[in-house]
Peer 1: 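Below is the structure I would like to discuss, written out as structure tokens.
Counting starts at 1 for both ligands and their atoms, following the listed order. Fair warning: this is a prediction, and the values are worked out from it, not measured in the lab.
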Amino acid sequence: MIVLVAGANGKTARSLVRMLVKDGHKVRGLVRKEEQLPEVEQDGAEPVLLDLEEETVEGAVGRAVEGCDAIVFAAGAGPSSGAARKETMDYGGAVKLIEAAERHGVRRYLMLSAMGAADPESGSEEMRPYLSAKARADERLQSSGLHYTIIRPGSLTNEAGTGRIDVAPSLGRRGEISREDVAAIFATTLEAGNTFGKTFEALSGGTPIREAIAQI
Ligand SMILES: NC(=O)c1ccc[n+]([C@@H]2O[C@H](COP(=O)([O-])OP(=O)(O)OC[C@H]3O[C@@H](n4cnc5c(N)ncnc54)[C@H](OP(=O)(O)O)[C@@H]3O)[C@@H](O)[C@H]2O)c1
């Protein structure tokens, strides 16, 4: 498949890009700064320079998705950003790619969402703008006609992956999961037809990733 990964120099996304390339996919790695281009090339992807907050669906965002089979939204404004960028990036950036997918016939869309997006009001005051942005982006994707999968991990760590996870629409607990395991969930989910139209939470757990995804 030809897969566009938004936020390709991000910590989770870099791991995912390498996995997708290893699995034989052609990856377009979307980044917003010129100095990030060599990293993306090193990972085996074709770099695309594009700022999702600046560019339009009619312009560069649309062109970036043309000819793709799938889009992975793994970008984000990050914890040091304020409420305004949660709106322009975590919500707006994701929605631009949904609209571009709809216009250009890209059927598959995978969203890196977050545990807590199911109920933003229950988050802390500090987390609410982020969770609200994620929740609304997820809702926009759910009401699109796309073959979507929304994955909501708990707190991300930089530990090595264990290859074992717990997944369910609602896990009923909070916890952690490594970025490497999240990347592996995305790589496994990409072509798993049983995940189309599904939204689920993910934490480090007890079931091998492929088995857990097959059962979702
Ligand atoms: N941290 C957690 O515990 C947690 C938990 C659940 C879900 N999540 C979600 O998981 C995502 C990935 O996490 P991570 O820690 O791997 O991410 P990360 O390393 O912060 O990567 C996010 C990427 O998005 C890019 N980006 C920001 N603004 C952009 C724009 N306008 N146009 C294009 N790209 C842009 C960033 O580029 P720059 O380097 O140029 O800023 C960065 O490469 C987060 O964004 C978050 O929504 C996080």
Side-chain angles (χ1 to χ4, degrees), residues 4-19 27-40 42-43 45 47-57 59-61 64-65 71-97 100 110-120 123-124 126-138 141 149-159 161 165 167 171 173-187 199-204:
L4 180 131
V5 176
N9 71 307
K11 293 183 284 292
T12 311
R14 275 201 87 175
S15 195
L16 173 63
V17 167
R18 294 191 201 116
M19 289 178 196
V27 180
R28 286 185 198 167
L30 192 156
V31 290
R32 62 173 172 158
K33 296 176 196 141
E34 232 170 300
E35 66 260 29
Q36 296 162 342
L37 297 175
E39 263 181 14
V40 179
Q42 268 169 34
D43 292 337
V48 178
L49 188 62
L50 185 142
D51 189 320
L52 277 170
E53 288 160 282
E54 298 295 326
E55 302 293 345
T56 63
V57 177
V61 181
V65 310
I71 292 169
V72 179
F73 185 80
S80 57
S81 62
R85 288 204 59 231
K86 309 297 187 220
E87 207 53 34
T88 53
M89 185 58 216
D90 295 298
Y91 174 71
V95 169
K96 280 185 190 175
L97 282 172
L110 278 73
M111 178 78 89
L112 176 42
S113 182
M115 196 172 257
D119 183 13
S124 65
E126 191 194 351
M127 287 296 283
R128 239 170 274 152
Y130 168 70
L131 292 175
S132 161
K134 295 301 272 181
R136 282 178 286 118
D138 290 356
L141 183 57
T149 307
I150 297 170
I151 298 165
R152 293 175 167 165
S155 299
L156 303 181
T157 74
N158 293 326
E159 306 296 311
I165 57 169
V167 289
L171 283 168
R173 65 183 175 93
R174 295 294 168 111
E176 296 185 337
I177 182 166
S178 74
R179 288 181 167 87
E180 198 182 349
D181 281 339
V182 172
I185 293 173
F186 274 81
T199 300
F200 58 88
E201 297 181 342
L203 290 173
S204 189

Peer 1: In Å, rounded to the nearest 0.5 Å, how long is the span from CD of E176 to CE of M115?
Peer 2: 11.5 Å

Peer 1: What heavy-atom pair brings A6 and L97 nearest, and what distance separates the two atoms?
Peer 2: CB-CD1, 3.7 Å

Peer 1: What atoms of ligand 1 come within less than 4.0 Å of a heavy atom belonging to A75?
Peer 2: 23 (C), 24 (O), 45 (O)

Peer 1: What is the distance from atom OG1 of T149 to atom CZ of F186, rounded to the nearest 0.5 Å?
Peer 2: 8.5 Å

Peer 1: With sequence neighbours left out, which residue pairs that include part of residues 76-87 fulfil the salt bridge (Lys or Arg N to Asp or Glu O under 4.0 Å) condition?
Peer 2: E53-R85, E87-R136

Peer 1: What atoms of ligand 1 come closer than 4.0 angstrom to any heavy atom of T12?
Peer 2: 13 (O), 14 (P), 16 (O)

Peer 1: Taking 4.0 angstrom as the limit and counting only heavy atoms of R85, give me the atoms of ligand 1 inside it, by number and element.
Peer 2: 27 (C), 28 (N)

Peer 1: Between R32, E176, E54, flag the one that comes closest to atom 41 (O) of ligand 1 by a heavy atom.
Peer 2: R32

Peer 1: Just need the protein heavy atom nearest to atom 7 (C) of ligand 1, so name the residue and atom and give the distance.
Peer 2: S113 O, 3.2 Å

Peer 1: With heavy-atom distances below 4.0 Å as the criterion, list the atoms of ligand 1 near L52.
Peer 2: 30 (C), 31 (N), 32 (N), 33 (C)

Peer 1: Would R152 count as a contact residue for ligand 1, given that I'm defining contact as a non-hydrogen atom of the residue lying under 4.0 Å from a ligand atom?
Peer 2: no

Peer 1: Quick one: pull up OG1 in T199 and CG in D138 and give me the separation to the nearest 0.5 Å.
Peer 2: 6.5 Å

Peer 1: Have a look at E55, E53, R179, K86 and point out the one with the heavy atom closest to atom 15 (O) of ligand 1.
Peer 2: R179

Peer 1: Is there a donor-acceptor contact under 3.5 Å from the side chain of Q36 to the main chain of N9?
Peer 2: no

Peer 1: In Å and rounded to the nearest 0.5 Å, what is the CD1 to CE distance from I185 to M19?
Peer 2: 10.0 Å

Peer 1: Please report the interatomic distance CD(Q42) to CZ(R18), rounded to the nearest 0.5 Å.
Peer 2: 8.5 Å

Peer 1: Return the closest protein heavy atom for atom 21 (O) of ligand 1 as residue, atom name and distance.
Peer 2: G10 CA, 3.2 Å

Peer 1: Hey, does G93 sit under 4.0 Å from ligand 1 if you only count heavy atoms?
Peer 2: no

Peer 1: Run the numbers for me: atoms of ligand 1, each under 4.0 Å from some heavy atom of L156, listed by number.
Peer 2: 2 (C), 3 (O), 4 (C), 5 (C), 8 (N), 10 (O), 13 (O), 48 (C)

Peer 1: Rounded to the nearest 0.5 Å, what separation is found between the CZ atom of F73 and the CD1 atom of I151?
Peer 2: 14.0 Å

Peer 1: Can you list every salt bridge (Lys or Arg N to Asp or Glu O under 4.0 Å) pair that touches residues 71-82, not counting sequence neighbours?
Peer 2: none

Peer 1: Tell me which part of K33 gets within contact of ligand 1: side chain, backbone, both or neither, using heavy atoms under 4.0 Å.
Peer 2: side chain

Peer 1: For the CD atom on E34, are there more than 12 heavy atoms of other groups (residues, nucleotides or ligands in this structure) within a distance under 6.0 Å?
Peer 2: no

Peer 1: Measure the distances from the heavy atoms of P79 to every atom of ligand 1 and state whether one is below 4.0 angstrom.
Peer 2: no

Peer 1: Are K134 and ligand 1 in contact, using a heavy-atom cut-off of under 4.0 Å?
Peer 2: yes

Peer 1: Out of all atoms in ligand 1, which are within 4.0 Å of some heavy atom of A74? Include the element for each.
Peer 2: 12 (C)

Peer 1: Return yes when A77 approaches ligand 1 closer than 4.0 angstrom through a heavy atom, no otherwise.
Peer 2: no

Peer 1: Looking at S178 and G161, what are the two nearest heavy atoms and their distance?
Peer 2: OG-CA, 3.3 Å

Peer 1: Select the closest option to atom 24 (O) of ligand 1 among G76, G116, P153, judged by heavy-atom distance.
Peer 2: G76

Peer 1: With only distance considered, is A114 within less than 3.5 Å of ligand 1 through an N or O on each side?
Peer 2: no

Peer 1: Check each of K11, M111, E35, Q36 against atom 17 (O) of ligand 1 and report the one with the nearest heavy atom.
Peer 2: K11

Peer 1: Considering only the protein, which heavy-atom contact is closest to atom 46 (C) of ligand 1, and what is its distance?
Peer 2: Y130 OH, 3.1 Å

Peer 1: How far is atom 11 (C) of ligand 1 from the closest protein heavy atom, and which atom is that?
Peer 2: L112 CD2, 3.7 Å

Peer 1: Is the closest heavy atom of G154 to ligand 1 under 4.0 Å?
Peer 2: yes

Peer 1: Going by the order shown, which atoms of ligand 1 are within less than 4.0 Å of some heavy atom of N9?
Peer 2: 37 (O), 39 (O), 42 (C), 43 (O)

Peer 1: So, does K134 use its side chain to make a donor-acceptor pair with the main chain of L112 at under 3.5 Å?
Peer 2: yes

Peer 1: Answer yes or no for atom 44 (C) of ligand 1: protein heavy atom present at a distance under 4.0 Å?
Peer 2: no

Peer 1: Tell me the closest heavy-atom pair linking P153 and V182, and the distance in Å.
Peer 2: CB-CG2, 3.9 Å

Peer 1: For V48, is there any backbone N or O sitting under 3.5 Å from a side-chain donor or acceptor partner on R28?
Peer 2: no

Peer 1: For ligand 1, note which part of M89 has a heavy atom under 4.0 Å away: side chain, backbone, both or neither.
Peer 2: side chain

Peer 1: Between the side chain of K96 and the main-chain N/O of L52, is any donor-acceptor distance below 3.5 Å?
Peer 2: yes

Peer 1: May I ask whether G78 places a heavy atom under 4.0 Å from ligand 1?
Peer 2: no

Peer 1: Mark up the atoms of ligand 1 that fall under 4.0 Å of a heavy atom belonging to D51, in ascending order.
Peer 2: 30 (C), 31 (N), 32 (N)

